[in-house]
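Worksheet: one structure, shown below.
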Amino acid sequence: MPKQAVIPAGTGTPIAPFVPGSLADGVLYVSGTLPFDAQNNVVHVGDAAAQARHVLTTIQGVVEAAGGTMADVTFNMIMLTDWANYAAINAVYAEFFPGEKPARYCIQCGLVKPDALIEIASIAHVG
């Protein structure tokens, strides 16, 4: 099965060997997305809601570059560093998924950069 890398315009160089998205047979796998700018600096330090919005906007860019919309997202894997941020993250999450929600899981863990409060990876069915 052929696969296609999905790299939206303006994407910076990743900090590890991966692409933002990989599309195969209409299924888009979006890599774990952190609240990074194009130079891999953490944005909105200390603000979980703003970081969640940045992450979801970045994911939206990958999904749209693959020809889909956020309504095509079927699964999200959410990693957060502190359960105290859960409500703020969920409020922003609901803005991006106002209708039928995708399946998901959420875990608390350490992330690759200490100032990052959230990371999300997604799966979407596009086309």
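Listed by chain and residue number, Phe97 satisfy the ring pair (Phe, Tyr, Trp, His ring centres under 6.0 Å) test with Tyr93 (two or more places apart in sequence, or in another chain). Looking at residues two or more places apart in sequence or on another chain, you find a side chain to side chain contact (heavy atoms under 4.5 Å, CB included) between Ile7 and Ala5, Thr11, Val19, Pro20. Checked against side chain to side chain contact (heavy atoms under 4.5 Å, CB included), Ala48 has the following partners two or more places apart in sequence or in another chain: Asn85, Ile89, Leu117. For Ala121, the side chain to side chain contact (heavy atoms under 4.5 Å, CB included) partners are Met77, not counting sequence neighbours. Evaluation of the side chain to side chain contact (heavy atoms under 4.5 Å, CB included) rule for Ala91 yields no partner, not counting sequence neighbours.
Residue pairs satisfying the salt bridge (charged side-chain N to carboxylate O under 4.0 Å, His left out) criterion with at least one member in residues 113-127, sequence neighbours excluded, are absent. Sorted by first then second residue, the side chain to side chain donor-acceptor pair (under 3.5 Å) pairs that include residues 96-109, not counting sequence neighbours, are Trp83-Gln108, Tyr86-Arg104, Asn90-Arg104. For residues 16-54, no pair satisfies ring pair (Phe, Tyr, Trp, His ring centres under 6.0 Å), with sequence neighbours left out. The stretch residues 64-86 participates, sequence neighbours left out, in no salt bridge (charged side-chain N to carboxylate O under 4.0 Å, His left out) pair at all. Under the salt bridge (charged side-chain N to carboxylate O under 4.0 Å, His left out) criterion, no residue pair touches residues 9-32, with sequence neighbours excluded. For the salt bridge (charged side-chain N to carboxylate O under 4.0 Å, His left out) condition, the pairs that include at least one residue of residues 53-63, sequence neighbours left out, are Arg53-Glu95.
Ile118 contributes atom CD1, which lies 9.5 Å from atom CG of Leu34 (distance to the nearest 0.5 angstrom). The distance from the CG atom of Asn40 to the CD1 atom of Ile15 is 6.0 Å, given to the nearest 0.5 Å. In this structure, Ile120 CD1 and Met79 CE are separated by 8.0 Å, a value rounded to the nearest 0.5 Å. Atoms NZ and OG, on Lys3 and Ser22 in that order, are 5.0 Å from each other to the nearest 0.5 Å. Note that SG of Cys109 and CG of Leu80 are 7.5 Å apart. Values are rounded to the nearest 0.5 Å.
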Test side chain to side chain contact (heavy atoms under 4.5 Å, CB included) applied to Val30 and Ile123, step by step | CA-CA 6 Å; Val30 181; Ile123 299 173; over 6 Å; no

Start with the C-alpha gap between Ile107 and Ile78, add the side-chain angles, then the distance that decides, and say whether side chain to side chain contact (heavy atoms under 4.5 Å, CB included) holds.
-> CA-CA 6 Å; Ile107 63 169; Ile78 304 168; over 6 Å; no

Test log, rule side chain to side chain contact (heavy atoms under 4.5 Å, CB included), inputs Leu56 and Val92 | CA-CA 9 Å; Leu56 288 163; Val92 173; 4.2 Å; yes

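A distance-only check finds a donor-acceptor pair linking the side chain of Asp47 to the backbone of Ala49 [under 3.5 Å]. Judged by distance alone, with hydrogens and angles left aside, the side-chain atoms of Thr81 form no donor-acceptor pair with the main-chain N or O of Gly110 at under 3.5 Å.
Closest heavy-atom contact between Val62 and Gly21: CG1-CA, 3.9 Å. Across all non-hydrogen atoms, the minimal contact from Pro102 to Val73 is CB-O, 3.5 Å.
Hydrophobic clustering keeps Val6 apart from Phe75 (ILVMFWY residues linked when any side-chain heavy atoms are closer than 4.5 Å, directly or through intermediates).
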